[in-house]
Amino acid sequence: MKNFILKGDIAYSENKDKIKTIEQGYLVCEDGICKGAFEKLPKKYEEFPLIDCGEKLIIPGMTDLHTHAPQYACRGFAMDLELLEWLEAYAFPQEARYASLEYADQAYDVLVKDLKKSFTTRAVFFGTLHKEATTLLMDKLEDSGIVTYVGRVSMDRNGGMNLQETSVEKSIADTRDWLQSIEGRYNRTKPILTPRFIPSCSDKVMANLGEIAESQNVRIQSHLSENPSEIEWVKDLVPASSCYANAYEIFGCMGSPEAPAIMAHCVYSDQAEMEIMKKHGAYVAHCADSNMNLSSGIAPATKFLEYGLNMGLGSDIAGGTSLNMMDAIIASIKASKLYWRLIDSNSRILTFEQAFFLATAGGGSYFGKVGAFEDGFDFDALVLDDSETLSPGGLSIRDRLERMCYDSGKCVVAKKFVVGQEIALG
Ligand code: GUN
Ligand code: FE
């Protein structure tokens with residue numbers, strides 16, 4: 001169905017501080033594009049078929065701006081170490097298993113099945129260094145209808161015997177071959193260059209990725225200033241850099257406002273890093289759950305917002321344990337309270353409005369006009385049954401939304417649309 005209307009209780013971010021709500025409103029989809037949310041249906045849309053969602057909530061789909069597809073199979077255990085030790089002990093051995101396409105097939109099936117049922121309509125994934133397994137993941141994501149960027153991970157140093165490209169040349173050739181092999185293959189799935197982080201990539205590999213980004217107009221994602229030992233290590237590895245963000249900048253891996261980079265975490269990003277990110281239009285992927293699990297710290301999310309950085313939320317599976325973006329909303333609010341209490345009493349706490357914005361329109365803007373119900377936006381919508389979370393006497397739509405995020409286990413996704421296409425939830 002190309003043109004249709006959803007009727008129900010509608011909520012979306014009008015801006016980062018305001019959620020607009022419409023009781024029993026009409027949300028119009030024409031050719032995959034949202035024509036707006038209305039209290040009264042405009043005459044010109046009266047012929048469109050109407051799907052009556054009753055009392056259900058209708059909200060924009062959510063964007064997961066940073067997550068590791070191969071680590072979904074090792075989520076929720078082995079969370080007893082800090083980043084660098086955790087990578088070596090758990091994450092890298094897990095990723096090494098994707099050398100087997102049979103393993104990748106099984107593991108990515110589970111991930112994509114869960115993703116379809118989730119609140120996520122857009123996501124940006126790290127794969128592994130394996131070309132074939134990463135392409136298999138892209139095939140499955142394309143079939144799901146969810147819109148994604150997926151990266152074959154570049155890592156030619158410090159990965160250990162089982163998870164490291166064998167030479168600079170091999171790393172460069174694998175990226176080139178992978179990009180060529182998927183050219184023209186997908187509608188909803190795009191490649192993204194993915195230097196794992198500075199400790200994983202030699203100068204030559206970094207510089208090559210910077211060149212590809214520039215010459216082929218491909219975007220880049222990576223990790224930035226996540227953990228104190230990591231940051232110290234980067235200083236040693238790139239002695240000419242003034243800070244971690246500058247190390248990416250030196251190699252041309254910070255992107256541009258037209259093709260912005262995503263930098264995950266930014267827990268220790270100071271004024272100098274914020275300035276570099278702003279200059280390049282880079283996105284912060286704020287991953288509060290992961291930052292707690294790996295004892296990384298607390299990112300100054302409200303400072304980033306006030307400074308005007310592009311930002312969204314990331315689940316960072318398996319540093320984070322949940323694909324559920326409502327969990328990411330709540331983790332980011334709680335983390336900002338601890339930041340205020342423990343680190344900077346002059347900082348502001350993230351409001352629910354702001355956290356909801358980050359999960360929808362904030363992260364969504366990485367994909368274009370995505371994450372709100374304004375005229376001209378891609379039609380990405382969730383129809384949610386929150387009847388199990390309601391209290392006697394009723395709640396406003398805005399309060400239902402907040403309640404639902406705190407009690408999301410009881411919230412059922414009844415329908416999900418991405419660019420107007422209904423996603424099979426089963
Ligand atoms: N930095 C480099 N690799 C990773 C990873 O897999 N997870 C997280 N959280 N940080 C990283
Ligand atoms: Fe990560």
Side-chain angles (χ1 to χ4, degrees), residues 64-98 107 111 123-130 134 137 149-160 162-165 192-202 205-206 209 220-234 237 244-245 247-248 253 261-269 283-299 312-323 328 331 335 363:
D64 188 344
L65 209 55
H66 174 75
T67 191
H68 297 257
Q71 296 176 18
Y72 193 59
C74 69
R75 74 197 181 282
F77 59 82
M79 304 260 57
D80 52 343
L81 296 172
E82 280 191 55
L83 174 68
L84 299 177
E85 294 75 24
W86 174 79
L87 286 174
E88 206 169 303
Y90 301 118
F92 289 174
Q94 169 63 26
E95 290 189 22
R97 303 185 72 173
Y98 291 74
L111 167 70
V124 185
F125 281 106
F126 275 52
T128 60
L129 58 76
H130 311 98
T134 302
L137 170 64
Y149 282 84
V150 179
R152 185 199 82 82
V153 176
S154 298
M155 46 188 304
D156 72 322
R157 66 179 177 190
N158 296 317
N162 290 326
L163 195 72
Q164 185 170 301
E165 292 149 335
I192 182 165
L193 299 171
T194 306
R196 180 169 212 121
F197 63 160
I198 298 264
S200 292
C201 295
S202 64
V205 165
M206 290 299 295
L209 293 171
I220 292 191
Q221 63 175 345
S222 198
H223 294 94
L224 177 64
S225 296
E226 179 177 2
N227 166 290
S229 316
E230 171 211 21
I231 294 167
E232 283 306 307
W233 198 9
V234 171
L237 290 167
Y244 198 157
Y248 285 113
C253 290
I262 298 174
M263 288 292 153
H265 304 298
C266 307
V267 174
Y268 296 97
S269 292
Y283 276 69
V284 175
H286 178 41
C287 307
D289 183 38
S290 166
N291 297 157
M292 286 183 263
N293 285 329
L294 295 176
S295 311
S296 298
I298 312 168
L313 302 182
S315 65
D316 193 34
I317 295 290
T321 56
S322 169
L323 269 187

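Note: hydrogens, waters and symmetry copies are ignored here, and every other heavy atom, side chains too, is used. One-based numbering, in listed order, for ligands and for the atoms of each.
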> Can you list the steps and then say if Glu226 with Phe197 is a side-chain contact (heavy atoms from CB on, under 4.5 Å)?
Replying inline: CA-CA 10 Å; Glu226 179 177 2; Phe197 63 160; 5.7 Å; no

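Near Leu87, the atoms of ligand 1 lying under 4.0 angstrom from a non-hydrogen atom of the residue are 2 (C), 3 (N), 4 (C), 5 (C), 6 (O). Of all atoms in ligand 1, listed by their number and element, those nearer than 4.0 Å to a heavy atom of His68 are 5 (C), 6 (O), 7 (N). Taking every non-hydrogen atom of Leu83 and a distance limit under 4.0 Å, the qualifying atoms of ligand 1 come out as 8 (C), 10 (N), 11 (C).
In this structure, Val234 and Pro199 approach most closely via the heavy-atom pair CG2-CD, 3.9 Å. In terms of heavy-atom proximity, Ser290 sits nearest to His265 at OG-CE1, 3.7 Å. The nearest pair of heavy atoms linking Arg157 to Ile198 is NH2-O, 2.9 Å. Contact detail for Gly319 and Asn293: the closest heavy-atom pair is O-ND2, 2.8 Å.
Side-chain contact between Tyr90 and Cys74 is absent, with no heavy atoms from C-beta onward closer than 4.5 Å. Gln221 places none of its side-chain heavy atoms less than 4.5 Å from the side chain of Leu193.
Every heavy atom of Phe126 sits 4.0 Å or more from the atoms of ligand 1. For the pair His265 and ligand 1, a heavy-atom separation below 4.0 Å is found.
Remark: aromatic rings of Phe126 and His223 are close, center separation under 6.0 Å.
Atom CG of Asp80 is surrounded by more than 12 heavy atoms from other residues, nucleotides or ligands within 6.0 Å. Annotation: Gln164, atom CD; neighbour count of heavy atoms from other residues, nucleotides and ligands within 6.0 Å is above 12.
Within the protein, the N, O or S atoms sitting under 2.8 Å from the Fe ion (ligand 2) are His66 NE2, His68 NE2, His223 NE2, Asp316 OD1.
Polar contact with ligand 1: present for Asp316 (N/O pair, distance under 3.5 Å). Below 3.5 Å of separation, one finds no N or O of Glu95 facing any N or O of ligand 1.
Under 4.0 Å from ligand 1, the heavy atoms of Trp86 that appear belong solely to its side chain. Of all the heavy atoms of Glu230, none lies under 4.0 Å from any atom of ligand 1, so neither backbone nor side chain is involved.
Closest protein heavy atom to atom 10 (N) of ligand 1: Glu226 OE1, 2.8 Å. Closest to atom 6 (O) of ligand 1, if we only count protein heavy atoms, is Arg196 NH2, 2.7 Å.
Classification of the His66-His68 ring pair by plane angle, with boundaries at 30° and 60°, yields perpendicular.
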